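Reading through the structure tokens given below for one structure.
In each ligand, atom 1 is the first atom listed, and ligand 1 is the first ligand listed. Note that this is a predicted model, so its numbers are computed, not measured.
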Amino acid sequence: MVDYRLNDEHEQLRLAARSFAQKEVAPVIGEHYEREEFPYSIVAGMGRMGLFGLPVSEEYGGMGGDYLALCVALEELARVDSSVAVTLEAGVSLGVMPIYRFGDQRQREQWLPRLASGEILGAFGLTEPGGGSDAGATRTTAELRGSEWVINGSKAFITNSGTDITGFITVTAVTGTKPDGRNEISTIIVPAGTPGLTVAPKYSKVGWNASDTHELAFDDCRVPAENLLGERGRGYAQFLATLTEGRVAIAALGVGLAQGCVDECLRYVEERSAFGRRIGENQAIQFKIADMELRTHTARLAYYDAASRMLRGEPYQKQAAIAKLASSNAAMDNSRDATQIFGGYGFMNESPVGRFYRDAKILEIGEGTSEVQRMLIARELGLPAE
Ligand SMILES: Cc1cc2nc3c(=O)[nH]c(=O)nc-3n(C[C@H](O)[C@H](O)[C@H](O)COP(=O)(O)OP(=O)(O)OC[C@H]3O[C@@H](n4cnc5c(N)ncnc54)[C@H](O)[C@@H]3O)c2cc1C
């Protein structure tokens, strides 16, 4: 039977996240955004709610929920603000999950309780200045010298990598050559503050302005050999799995943004008048809002479908790519239409839809561009790789 209604636990979480977003995020996030400030107190609040440990078992300080729970919370947060939502999204899907999925017992015990409580954030360094889509072309190297990895190279656009509470960055690096001549890629945990790791000043971005993003340089950066995450040479497979899962979370975030546009427009068209009547009485405006609702609803079904396949342990690569593509399209189209409906006020930074407009674009780029999603769907359909 197909049933995409949320169960009671997910519904309760949805209401709690909605209330938090409305009471704790909405009143202050505009100022953080304008000042490009990381919202530490909001992140601490999300930590107290257990949001960073949603899909982590209670044994490691988590909430013992599932990945859909994370998605539901992300959707409700992004309905109000995407900088806050992506801090949670990257914190869990890129920070927590690689340790939870691939870490050994010692690494899990060392990092997960503090990650799950929001005391520290983990980051994931895959993209390099030379390219992100072709992630297998990693140039950063890690050489095992005695009991230490010596890392050299750089990473670009790494979320949550330079906050006061960043605990570590998980880095992909070339650790050798495979018998077939291809690069052997492994994943290594680099604790924040390790000598040889330089965190560049934060980027000035078009959107997600209250989130934390940095370029990182590794110059003979040494970490203990036991900081290898999982098996040596499994880095490529690990990041593919991490990104597939993360796409579902990013899709939920995009659906939240798309829904936020519908929420804001429904309110605004009732209060704004032109030509002697409320603008919501114009069919042209109503049709725009109907299309926004259509995109939001179909993108939500797409991510519910991908998440339920993931939870049932079925292949879900194609569905994750479809969900991410549908959701980023919905976010872009809805934020453009919502800004249009708000007229001049939509172009003001103080209006939420102006913020949605700026925040939507990155959804077509991060965690695999829209072109990469189409490549993945085409491959799943059996079409030849280029
Ligand atoms: C705010 C922000 C936060 C980020 N956070 C993280 C993070 O935490 N960790 C991390 O590792 N990365 C992160 N990224 C990086 C992000 O994942 C990459 O920007 C993204 O994967 C694209 O890589 P690129 O920017 O190098 O673009 P490129 O790979 O250089 O691509 C450029 C363009 O060419 C297109 N293209 C490339 N190859 C093909 C092809 N074969 N066919 C058709 N089109 C193609 C792409 O779709 C794109 O439009 C973040 C980026 C931003 C902006």
Side-chain angles (χ1 to χ4, degrees), residues 33 36 38 78 81-98 121-140 153-163 166-173 185 187-190 192 199-218 229 235-236 238-247 249-251 253-254 257 321 324-325 328-329 331-332 355 358-379 383-386:
Y33 200 86
E36 304 194 356
F38 188 75
D81 180 69
S82 289
S83 295
V84 169
V86 76
T87 300
L88 177 65
E89 191 277 334
V92 180
S93 87
L94 302 177
V96 171
M97 295 314 277
L121 289 170
F124 190 72
L126 172 67
T127 306
E128 303 199 345
S133 302
D134 185 8
T138 301
R139 290 205 184 140
T140 297
S154 49
K155 297 286 172 182
F157 313 127
I158 308 306
T159 304
N160 290 339
S161 62
T163 72
T166 300
F168 63 85
I169 300 126
T170 308
V171 184
T172 55
I185 298 177
T187 315
I188 297 169
I189 303 167
V190 181
V199 180
K202 68 179 181 222
Y203 292 98
S204 169
K205 305 192 292 278
V206 169
W208 284 359
N209 284 349
S211 77
D212 181 76
T213 327
H214 299 263
E215 183 164 331
L216 308 172
F218 300 86
L229 185 67
Y236 191 78
Q238 288 171 352
F239 74 65
L240 286 186
T242 301
L243 292 180
T244 304
E245 206 171 65
R247 263 169 212 140
I250 278 282
L253 191 157
L257 191 157
K324 205 244 168 192
L325 196 51
S328 47
N329 286 346
M332 275 299 282
R355 187 154 37 84
R358 289 164 69 179
D359 289 341
K361 181 62 203 167
I362 179 61
L363 298 172
E364 295 188 316
I365 298 169
E367 299 221 18
T369 64
S370 293
E371 290 75 23
V372 166
Q373 306 311 319
R374 290 186 170 91
M375 282 159 63
L376 291 168
I377 296 166
R379 265 180 226 167
L383 295 168
E386 278 180 272

Considering non-hydrogen atoms of the protein only, which is the closest contact for atom 3 (C) of ligand 1, and what is the distance? T159 OG1, 3.3 Å
Donor-acceptor pair, Q238 side chain versus L229 backbone, under 3.5 Å? yes
Is the closest heavy atom of V372 to ligand 1 under 4.0 Å? no
Distance-only donor-acceptor check, side chains E215 and S154, under 3.5 Å: no
Just jot down the ligand 1 atoms closer than 4.0 angstrom to any heavy atom of G131, in number order. 26 (O)
Can you report which non-hydrogen protein atom sits closest to atom 20 (C) of ligand 1, along with the distance? I365 O, 3.4 Å
Tell me which protein heavy atom sits closest to atom 9 (N) of ligand 1, plus the residue, atom name and distance to 0.1 Å. F124 O, 2.9 Å
Output for pair (L121 CG, L88 CG), nearest 0.5 Å, gives 9.5 Å
About how many Å separate OG1 of T87 and CZ of F38, when rounded to the nearest 0.5 Å? 4.5 Å
Proximity winner for atom 24 (P) of ligand 1, if only heavy atoms of A156, G366, S211, G132 are counted: G132
Where the side chain of N160 meets the backbone of D212, is there a donor-acceptor pair that is under 3.5 Å apart? no
Around atom 31 (O) of ligand 1, find the nearest protein heavy atom and jot down its residue, atom name and distance. S133 OG, 3.6 Å
Flag, side chain of R139 to backbone of G153, donor-acceptor distance under 3.5 Å: no
V199, T163, T159 screened by side-chain contact (heavy atoms from CB on, under 4.5 Å) with H214, the one that passes: V199
Please report whether atom 22 (C) of ligand 1 has a protein non-hydrogen atom at a separation of less than 4.0 Å. yes
Could you tell me whether a side-chain N or O of K155 sits under 3.5 Å from a main-chain N or O of I169, the two making a donor and an acceptor? no
shortest atom 41 (N) of ligand 1-to-protein heavy-atom contact is with E386 OE1, 3.5 Å
Find the distance between CZ (F218) and CD1 (I188) and round it off to the nearest 0.5 Å. 9.5 Å
Minimum-distance protein heavy atom relative to atom 39 (C) of ligand 1: M375 SD, 4.5 Å
For atom 12 (N) of ligand 1, tell me which residue out of I362, T170, T127 has the closest non-hydrogen atom. T127
With respect to K324, which candidate in I250, T244, L363 satisfies the side-chain contact (heavy atoms from CB on, under 4.5 Å) definition? I250
Please confirm whether E128 comes under 4.0 Å of ligand 1, counting heavy atoms of the residue only. no
Using protein heavy atoms only, decide if any is under 4.0 Å from atom 36 (N) of ligand 1. no
Between N160 and ligand 1, which part of the residue brings a heavy atom under 4.0 Å of the ligand: side chain, backbone, both or neither? neither
Under 4.0 Å, heavy-atom basis, I'd like to know which part of T369 is in contact with ligand 1: side chain, backbone, both or neither. side chain
Tell me whether E245 contacts the main-chain N or O of S93 through its side chain, where contact means a donor paired with an acceptor under 3.5 Å. no
Heavy atom of the protein closest to atom 1 (C) of ligand 1 (residue, atom name, distance): W208 CE3, 3.8 Å
Looking only at non-hydrogen atoms, which of E371, E367, R374 approaches atom 44 (N) of ligand 1 most closely? E371
For ligand 1, which atoms, with element, lie under 4.0 Å from some heavy atom of I158? 7 (C), 8 (O), 9 (N), 10 (C), 11 (O)
Measuring from atom NZ of K205 to atom CZ of F157, what distance do you get when rounded to the nearest 0.5 angstrom? 11.0 Å
Looking at ligand 1, is there an atom of it that comes within less than 4.0 Å of some heavy atom belonging to A90? no
Check ligand 1 against L94 and write out every atom of the ligand that is under 4.0 Å from a heavy-atom position of the residue. 8 (O)
Within the structure, does at least one protein heavy atom fall under 4.0 Å of atom 51 (C) of ligand 1? yes
Within the side chain of D359, is there an N or O that forms a donor-acceptor pair under 3.5 Å with the backbone of W208? yes
Can you check whether a protein heavy atom sits less than 4.0 angstrom from atom 33 (C) of ligand 1? no
Side chain of E128, backbone of T140: donor and acceptor closer than 3.5 Å? yes
Tell me, which protein residue and heavy-atom name are nearest atom 6 (C) of ligand 1, and how many Å apart are they? F157 O, 2.8 Å
